[in-house]
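Each ligand, and each atom within it, is numbered from 1 in the order the structure gives. In what follows, residues are counted from 1 in the order of the sequence shown.
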Amino acid sequence: MLSRIDVITLFPDWVHGLRELGLTGRAIADGRVELHCWNPREYASGVHKSVDDRPYGGGPGMVMRPEPLAQAIEAARGDDAAVRVGCLTPQGRRLDQAAVRELAGRDRLILVCGRYEGIDERVMESLVDEEWSVGDFVLSGGEPAAAVMIDAVVRLLPGVLGHERSAEQDSFSDGLLDCPHYTRPETWRGRSVPDVLLSGDHARIARWRRARALERTRARRPDLLSGRTPDAGNDAVPAEFSPPKEDKN
Ligand code: 9D3
């Protein structure tokens, strides 16, 4: 079970934000996980303490210099030679909930955040064990991706979510998108809450929610259903809840 996360970043304010805010802030305050931060700039030498330089071969942008970054990674690793070093890069393995569960089951996480056009490849070869992406879009650096990964992982740690919101009930833990939700008033701007939710019949409500979740998943993210076995997985939409067409997106 994860007890410690180390982030290597030129922008430690991202990590301070995780410490101070929200679910991650509370988990750290409660001692459920430690979050440490290492800034390559503190390992840079010379009056300018430069952490980047122009790319060999030319081209736009800058590349993170190997030595300050390597020293920051080694400082984070300490004497724990076994801990895997992950790097957030657009070329990495796409993060999904299965990967998040896997990461939450490790003892430690070391996350290297890139900035500029990238990191000197020799650091990737010699010190980085795995690369992670959070999706096929362009961020300005690895920090927001690390924040996403850390939030997703920390909420799985025991005691982080209140018992009223168990991680097991989540969308994606059963591989489906979430069902719709409603609260008061019963009618809002001419739209009423589905009768079944007011019925008090909890078994029927559970079947309705699953039917809605299945229909939504089929309409919006059929890729999530493609690896499933409809019969064994109980994935048929009950006839009692044959849906209004789900056609958003
Ligand atoms: C526009 C710059 N690109 C050159 C063709 C390469 C590039 C380098 C660095 C693109 C983005 C970044 C910064 N992004 C990350 O470090 C990053 C990221 C992302 O951009 N998308 C999804 N996941 C991740 S994890 C780290």
Checklist outcome for this item: Here the salt bridge (Lys or Arg N to Asp or Glu O under 4.0 Å) pairs for residues 16-25, sequence neighbours left out, are none

For residues 125-133, which side-chain N or O atoms pair as donor and acceptor with protein atoms under 3.5 Å away, sequence neighbours left out?
| unit_1 | atom_1 | unit_2 | atom_2 | d |
| --- | --- | --- | --- | --- |
| Ser126 | OG | Arg122 | O | 2.7 |
| Asp129 | OD2 | Val85 | N | 2.7 |
| Glu130 | OE1 | Arg84 | NE | 3.0 |
| Glu130 | OE1 | Arg84 | NH2 | 3.0 |
| Glu130 | OE1 | Arg106 | NH2 | 3.2 |
| Glu130 | OE2 | Arg106 | NH1 | 2.7 |
| Glu130 | OE2 | Arg106 | NH2 | 3.4 |
| Glu130 | OE2 | Trp132 | NE1 | 3.1 |
| Glu131 | OE1 | Thr89 | OG1 | 2.7 |
| Ser133 | OG | Gly135 | N | 3.1 |
| Ser133 | OG | Gly135 | O | 3.3 |

Item to check | Phe241 six-ring centre to Arg207 NZ/CZ under 6.0 Å and within 45° of normal | outcome: no

What does the contact table look like for ligand 1 (nitrogen or oxygen on each side, cut-off under 3.5 Å)?
| unit_1 | atom_1 | unit_2 | atom_2 | d |
| --- | --- | --- | --- | --- |
| ligand 1 | 16 (O) | Gly142 | N | 3.2 |
| ligand 1 | 20 (O) | Leu139 | N | 2.8 |
| ligand 1 | 21 (N) | Phe137 | O | 2.7 |
| ligand 1 | 23 (N) | Ser133 | OG | 3.4 |
| ligand 1 | 23 (N) | Val134 | N | 3.1 |

Side-chain donor-acceptor pairs of residues 51-66 under 3.5 Å, sequence neighbours excluded:
| unit_1 | atom_1 | unit_2 | atom_2 | d |
| --- | --- | --- | --- | --- |
| Arg65 | NH1 | Ser50 | O | 2.5 |
| Arg65 | NH1 | Ser50 | OG | 3.1 |

Checklist entry - Sub-3.5 Å donor-acceptor pair from the side chain of Thr24 to the main-chain atoms of Leu18, do we have one? => result yes

Next on the checklist: Donor-acceptor check, side chain of Arg26 to backbone of Val160, threshold 3.5 angstrom: yes or no?
Outcome noted: yes

